[in-house]
Amino acid sequence: MHRFTNRAGVADEPAAKAYYAGEYGRAKTTAKSSIGAITWGALTDVEGLGDQAYQQYVQTRSGEVSASSGSVIVRRGPVVVTVDYSGHQRPEGEATNSPEVKMMPEKEAMAGALTLARAYLEKTPGS
């Protein structure tokens, strides 16, 4: 969670908007692409989670890491919240980078990230 204030300690929504725009722009440049062992899914706007929100699915199979995650980024006023829901399933005794690792499916990862983002925003007054 990033809460933006100006030098006087007053909520700074324009700074939060600029930060969100930067994160959105970076995500947009990788959407529906892959580099090496990282694959990014489509960038999708999410309605009803704040002033602005988007989600994206990512899979990584690199070195010691094999995981997938759903991410939701929300801006509400001067606050930007990032929620990642990540994981994989691996057979007992297999290493985290084993080819036997099964990635968390996009549908499950995105649903988990959205559920967590909604719960966080409900319980966090002023965000």
Side-chain angles (χ1 to χ4, degrees):
M1 181 175 94
H2 298 273
R3 183 179 305 275
F4 293 86
T5 58
N6 63 20
R7 291 181 191 175
V10 177
D12 191 349
E13 188 169 345
K17 286 180 180 180
Y19 178 81
Y20 178 90
E23 293 297 301
Y24 187 88
R26 275 187 284 286
K28 192 171 185 176
T29 64
T30 58
K32 296 183 183 178
S33 70
S34 61
I35 298 174
I38 304 171
T39 301
W40 291 270
L43 186 69
T44 307
D45 290 331
V46 178
E47 299 296 322
L49 267 187
D51 300 315
Q52 295 172 289
Y54 70 89
Q55 63 184 5
Q56 190 173 35
Y57 177 73
V58 179
Q59 284 189 339
T60 305
R61 282 196 187 268
S62 177
E64 296 181 12
V65 177
S66 287
S68 57
S69 64
S71 297
V72 176
I73 294 78
V74 180
R75 185 191 65 80
R76 187 160 68 180
V79 176
V80 178
V81 176
T82 302
V83 175
D84 297 313
Y85 189 77
S86 181
H88 66 260
Q89 188 69 35
R90 63 186 163 108
E92 189 174 330
E94 292 289 332
T96 57
N97 62 350
S98 166
E100 300 301 315
V101 168
K102 292 186 177 144
M103 300 290 199
M104 181 183 298
E106 181 173 2
K107 186 176 180 178
E108 179 182 352
M110 296 315 305
L114 281 170
T115 298
L116 289 173
R118 285 186 179 109
Y120 182 83
L121 292 169
E122 284 178 13
K123 299 291 184 188
T124 308
S127 66

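Model, not experiment: these values are computed from the prediction.
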Which atom pair, heavy atoms only, marks the closest approach of [X] to [Y]?
X	Y	value
Leu49	Ala117	CD1-CB, 4.4 Å
Val58	Trp40	CG2-CD1, 3.4 Å
Ser71	Ala113	N-CB, 4.3 Å
Arg61	Val101	NH2-O, 2.8 Å
Ser69	Ala109	C-CB, 4.0 Å

Enter the distance from [X]:[atom1] to [Y]:[atom2] here, rounded to the nearest 0.5 Å.
X	Y	atom1	atom2	answer
Glu106	Gln55	CD	CD	8.0 Å
Arg26	Leu43	CZ	CG	12.5 Å
Gln89	Ser68	CD	OG	11.0 Å
Met103	Thr39	CE	OG1	8.0 Å
Glu92	Glu94	CD	CD	10.5 Å

Fill in: salt_bridge(Arg76, Asp51) N-O dist < 4.0 Å
no
Do [X] and [Y] sit in one hydrophobic cluster, given that two such residues count as connected whenever their side-chain heavy atoms are within less than 4.5 Å of each other, even indirectly?
X	Y	answer
Met110	Leu116	no
Val80	Val74	no
Val81	Val46	yes
Tyr20	Leu121	no
Val72	Tyr120	yes

Heavy-atom side-chain proximity of [X] to [Y] below 4.5 angstrom:
X	Y	answer
Arg90	Lys102	no
His2	Val79	no
Met104	Tyr85	yes

Side chain [X], main chain [Y], donor-acceptor under 3.5 Å:
X	Y	value
Thr60	Ile38	no
Gln56	Gly41	yes
Asn6	Ala8	yes
Tyr54	Glu23	yes

Would you say [Y] and [X] are linked by a side-chain donor-acceptor pair, where the criterion is simply a distance under 3.5 Å?
X	Y	result
Asp45	Tyr24	yes
Asp12	Thr5	no
Gln59	Tyr57	yes

